[in-house]
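Below, chain A is the first sequence line, B the second, and so on; all start at residue 1.
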Amino acid sequence: MESTEKIIEEWRTQPAPLLGMLHAFHERDLKITEEAILAIAKALRIPKAELFGTVTFYDHLSMESGSHDDLRICTGPICSLKGSQEILKAMQGDGARSMPCSGRCDVPIPALRGNRTYQIAPDAIVPTPETPRPIPNPGGLEECVFAEIRDPDRKSLAGYQASGGYLAAEKALNDLGRERTLAEVKASGLAGRGGAGFPTGEKWQAVADAQGSPKYVVCNADEGEPGCFKDRTLLDHDPHLVIEGMILAAFCCGASEGFIYLRYEYPETLKTLGQALQEARDAGLLGKDILGSGYEFQIHLRRGAGAYICGEETSLLNSLEGKHPFPRNRPPYPVTHGFNDLPTAVNNVETLASVPWIVMNGAARYAALGLGDHKGTKLISLSGDIEKPGNYEVPLGLPLKTLIEEWAGGIPGGKKLQAVTMAGLSGGFLGAEDAYAVTLDEPSVRAKGSFLGAGGIMIFDETRDMVDLGRQAMAFFAHESCGKCFPCRIGTQRLTERLAGSAGPDTFAAWREEVEDMGQVMKSSSACGLGMAAPLITESLLRLFPDDLASTIKKANS
Amino acid sequence: MIDKTKNTYELTLDGEVVAFSHGESLFEISERHKKEVPTLCYDKRLDAFGGCRMCMVEVEGFRNPVASCTTKASPGMVVHTHTAKLEKDRKTLLELVVSENRQVETPELSGFASQELTQLANRYDAITGRFAGAKSGTSRTEDLNPFILRDYDQCISCYRCVRVCAEREGDYAINVMNRGFATQITTEFNSDLRESECTFCGQCVQTCPTGALADKKALRDRKTVGDIKKTRTICTYCGVGCSVDIMSKEDKIVGIQPAMDGPANLGALCVKGQFAYDFVQHDDRLTTPLVRKNGKLEPVSWTEAIDVAAKGFEKVSRDHGNEAIYAIASGRAPHEASYALQKLMRAGWGLNQIDNCSRA
Ligand SMILES: Cc1cc2nc3c(=O)[nH]c(=O)nc-3n(C[C@H](O)[C@H](O)[C@H](O)COP(=O)(O)O)c2cc1C
Ligand code: SF4
Ligand code: SF4
Ligand code: SF4
Ligand code: FES
């Protein structure tokens, strides 16, 4: 067993040491002990009360004996449809507890114990098999991000290089230079794939222009949005693609340090990434003088500890810095005041993974991958009542109907589509009519009062209880609300109670008025995207399923 | 772009062009122009936090209202502080806040800012019973410290207490545990305040806008008859000279509040200035001079007492010389008494051997 001093020594001089220390103690003691908190507080000069509060913030850290090895069963919306709530109930006596959507909606119900993921059924629990690769592009279209992912050797450095890996870095660092590389990214029209859709080239330009050093690139691999499992799929099968994307980002931004912030629920990915990073370091692809260009860039891998809000970039930065992970007030934005208040580009995994292809094939060709005016492609994680759940790389502008009906085999059992979610859960629901009318791009989806976001889409057939799904979604937001701002902290709780029928007015008219007033104030005044997005759930339910809501309320009050 | 070489800029505030200087927040400008933009998580001594969102204002060209406390002004902004939509949203927010608490009224003796939520809820007519549901916060009635009531049933998670403790007091004794609706103010390991880093300065009590943190000693006089009268004075304990308001009901001192505008303390006090006022009206307080006779202290007249003291000094001076005399003035003595004491030392005995306990 490692001594406390040794753990502290190992981490204290590293950048962003808190999460690493906490996990080391968590694994050693199978819980976070008071002694560990006191030792860390002293070493990192964090006030004890603050560190204690921060530990309680994270879902997967607990001060209860043995909690590290408690079985956590996914009770996300899709796993719940598959019966995970019942399995949880049966196993609660053995210490099992629930975890929110853990990013594996395309496979049987996942469960997590310590550093291993399992698949669980009422009568069996087996280690999770390898992450499924995306099926060949059903439209026969050219791909960017998934271009090589089906190559079984891509995971290793040798395999990656055998199919053109690190040639983009070579080209940028030793041929194009910073200006031309950045110009290419700008011209491609690539925009953030993590949800907010900010133009990537502009973000990097802002970091490059900002005062202060060192500069940082952070790969946001927190993937906490329910119904999203694209980032993990990429990292599991093509980790070097993301590393190469980070090198290119860093080169464009003038950054010398990088972090990958990986969600806690992906322990196998943690291992894969750790190995890939080591291979890259050993081959001189990371570190000093990358590819003989004189350019220096390091990447540090950090594991989250269970908090959806830590996917929000400023909360993520606070988490890395060892602070309480509330989102920060913006402006200033991370491009000028990011990690340690220094210029930082935070980018989603998929965004970064698009860049090597863009550098190799050019902006024009990337832009042309989209349909009509839309530039490029988007990964969509499809789950729920669909014949072929999984990840798809679609051209932006593809009709959702084509994806559902033609690419993914339609709704099983000849049932009819009832509704879909957008942006995981953050975009609320689209009814069948809208779902069959939209194309997969922000303008089209936004015109229906929703948004495409990170690209998680859950499909629900006509038999599903939409009010209950809405309740689960709101309970998720309430569980994940950080508690910083009033509209979200109280609003997500009240909306959950109202969808559950456990509190609230007994007439539908009064119910509706309360829910709409709250939704309005949450949307306009919440301090971050979580609180702004949550009321899209109730808003869309009121629009699509008012009768179901009315009868739920009636039932709750009879 | 802000031109940092210029000192003043202009923006439009509710239709009027007003000047501001670099770095000012929209809230600060609104305050200056008496807009009465409501707040709950704001304390002007602390870094703006942006939690309550009551202070939101509309800025033309922005999709959503912004929190005026955390938004820096920039030239040419067109700002609206009280549109019908803002006022409706503020009322809804207040109704939500009211709904998480068990009561809204709180005794005035709880603390300096304790009436903020009540007053705002009344101003917006927000005690409507809407949004009923689970209550947040768990009171720590078992914390038997003698000074601070921790009635978190009343807490609205504005974190002013946490921030004042860190930013003003530098003690970092308290923080936030859990998240969302389950957030709760805590010490390390959720302990009693007496086992924490708390120095009982009381600043958290005085900034709390709900009375969730309250002055236990003052609340003893909650039912004492009489109106609360505040008398501005200087704390008598030490040389910092913190301004305080002594609260009294008729002839009784019922509590102390720091003066938020006290030039030396800006609302800060230490445990003594904040809580140690009982001596003034305590039964054990001396009201006549005492002289020890046959080993027992007995009340005597001032003439007799001064006589005894003078004889004592005479003897010391005779036996050991004037240099054996040293005076320490009490920090609690008024100016006049301190002046007289140094006069006695300097003019009387020709000594400079005088000091004051405030230097301790
Ligand atoms: C509540 C919330 C959760 C988020 N979670 C993630 C996430 O898990 N992964 C991600 O890449 N972006 C997430 N984001 C978006 C990030 O804040 C940020 O916009 C993104 O990482 C920027 O990268 P991009 O420009 O490449 O998309 C989240 C935003 C919010 C408001
Ligand atoms: S909107 Fe919710 S998650 Fe975001 S800062 Fe406010 S309370 Fe936290
Ligand atoms: S009394 Fe002072 S030291 Fe104690 S918690 Fe309050 S502000 Fe902090
Ligand atoms: S105890 Fe008072 S000051 Fe502290 S968070 Fe609660 S309401 Fe705010
Ligand atoms: S005063 Fe601005 S958010 Fe509270």
Exercise. May I ask you to check whether over 12 heavy atoms, not counting those of B/Gln103, lie within 6.0 Å of atom CD?
Key: yes
Exercise. Output the option from B/Asn190, B/Asp171, B/Asp89 having the highest count of non-hydrogen pairs under 4.5 Å with chain A.
Key: B/Asp89
Quiz item: Rounded to the nearest 0.5 Å, how far apart are SG of B/Cys165 and CD of A/Glu50?
Solution: 11.5 Å
Practice problem: Please assess A/Met63 against B/Phe189 for the test side-chain contact (heavy atoms from CB on, under 4.5 Å), listing each intermediate value before the final yes or no. | Solution: CA-CA 10 Å; A/Met63 297 182 70; B/Phe189 314 129; 3.9 Å; yes
Quiz item: Heavy-atom distance under 4.5 Å to chain B: side chain of A/Phe477, backbone, both or neither?
Solution: neither
Quiz item: What part of B/Lys85 lies closer than 4.5 angstrom to a heavy atom of chain A: side chain, backbone, both or neither?
Solution: side chain
Quiz item: Among B/Thr71, B/Val162, B/Val66, B/Thr92, who wins on heavy-atom pairs under 4.5 Å with chain A?
Solution: B/Thr92
Quiz prompt | Gap between atom CG of B/Leu94 and atom CZ of A/Phe486 - 0.5 Å precision | solution = 9.5 Å
Quiz item: Given that the side chain runs from C-beta out, which part of B/Leu40 has a heavy atom under 4.5 Å from chain A: side chain, backbone, both or neither?
Solution: side chain
Quiz item: Donor-acceptor pair, A/Thr56 side chain versus B/Asn178 backbone, under 3.5 Å?
Solution: yes
Quiz item: Listed by residue number, which members of residues 517-524 of chain A have a heavy atom under 4.5 Å from any heavy atom of chain B?
Solution: A/Asp517, A/Met518, A/Gln520, A/Val521, A/Lys523, A/Ser524
Practice problem: List the steps, then state whether side chain to side chain donor-acceptor pair (under 3.5 Å) holds for B/Ser99 with A/Arg494. | Solution: CA-CA 9 Å; B/Ser99 78; A/Arg494 291 289 177 262; 3.1 Å; yes
Quiz item: Which atom pair, heavy atoms only, marks the closest approach of A/Asn329 to B/Ala48?
Solution: ND2-O, 3.9 Å
Self-check item: Nearest heavy atoms of B/Gly50 and A/Ala527, plus distance in Å
Solution: O-CB, 4.3 Å
Exercise. Taking atom NZ of B/Lys44 as the centre, report whether more than 12 heavy atoms of other residues, nucleotides or ligands fall under 6.0 Å from it.
Key: no
Practice problem: Find the one option among B/Ala173, B/Ala67, B/Ala134 whose heavy-atom pairs under 4.5 Å with chain A are most numerous. | Solution: B/Ala134
Self-check item: chain B interface, residue from A/Ala307, A/Gly504, A/Pro487, A/Pro331 that has the most non-hydrogen pairs under 4.5 Å
Solution: A/Pro487
Quiz item: Between A/Ala49 and B/Asn175, which heavy-atom pair has the shortest distance, and what is it?
Solution: O-CB, 3.5 Å
Quiz item: B/Cys41 versus chain A, heavy atoms under 4.5 Å apart: side chain, backbone, both or neither?
Solution: neither
Quiz item: Just how far is it from atom CZ of A/Phe52 to atom CD of B/Glu188, taken to the nearest 0.5 Å?
Solution: 9.0 Å
Practice problem: Find out whether the Lys NZ or Arg CZ of A/Lys484 is both under 6.0 angstrom from the six-membered ring centre of B/Tyr159 and within 45° of the ring's axis. | Solution: no
Quiz item: Are A/Glu514 and B/Arg130 close enough, and set up right, to give a salt bridge (Lys or Arg N to Asp or Glu O under 4.0 Å), and what steps lead you there?
Solution: CA-CA 7 Å; A/Glu514 275 200 359; B/Arg130 288 217 304 161; 5.2 Å; no
For residues 31-45 of chain A, tabulate all N or O donor-acceptor pairs below 3.5 Å that involve a side-chain atom, not counting sequence neighbours.
{"residue": "A/Thr33", "atom": "OG1", "partner": "A/Ala36", "partner atom": "N", "Å": "2.9"}

Quiz item: Is it true that atom CD of A/Gln211 has more than 12 heavy atoms of other residues, nucleotides or ligands lying nearer than 6.0 Å?
Solution: no
Quiz item: For chain A, which of B/Glu100, B/Lys72, B/Arg63 has the most heavy-atom pairs under 4.5 Å?
Solution: B/Glu100
Quiz prompt | A/Arg489 and B/Thr183 side chains, donor-acceptor separation under 3.5 Å | solution = no
Quiz item: At what distance, to the nearest 0.5 angstrom, does CZ of B/Phe181 lie from CD1 of A/Ile490?
Solution: 6.5 Å
Quiz item: With only heavy atoms counted, which part of B/Glu197 is less than 4.5 Å from chain A, the side chain, the backbone, both or neither?
Solution: side chain
Exercise. Check whether any side-chain N or O of B/Arg179 sits under 3.5 Å from a backbone N or O of A/Ser481 as a donor-acceptor pair, and report yes or no.
Key: no
Exercise. Could you grab the distance from atom CG of B/Leu96 to atom SG of A/Cys488, nearest 0.5 Å is fine?
Key: 11.5 Å
Self-check item: Heavy-atom contact with chain B under 4.5 Å, split by part of A/Ser502
Solution: neither
Practice problem: Report yes if the side chains of B/Asn64 and A/Met532 come closer than 4.5 Å at any heavy-atom pair, otherwise no. | Solution: yes
Quiz prompt | Spatial distance of atom CZ (A/Arg498) from atom CZ (B/Phe131) [nearest 0.5 Å] | solution = 7.5 Å
Exercise. Take atom CD of B/Glu87 as the centre, draw a 6.0 Å sphere, and report whether it contains more than 12 heavy atoms from other residues, nucleotides or ligands.
Key: yes
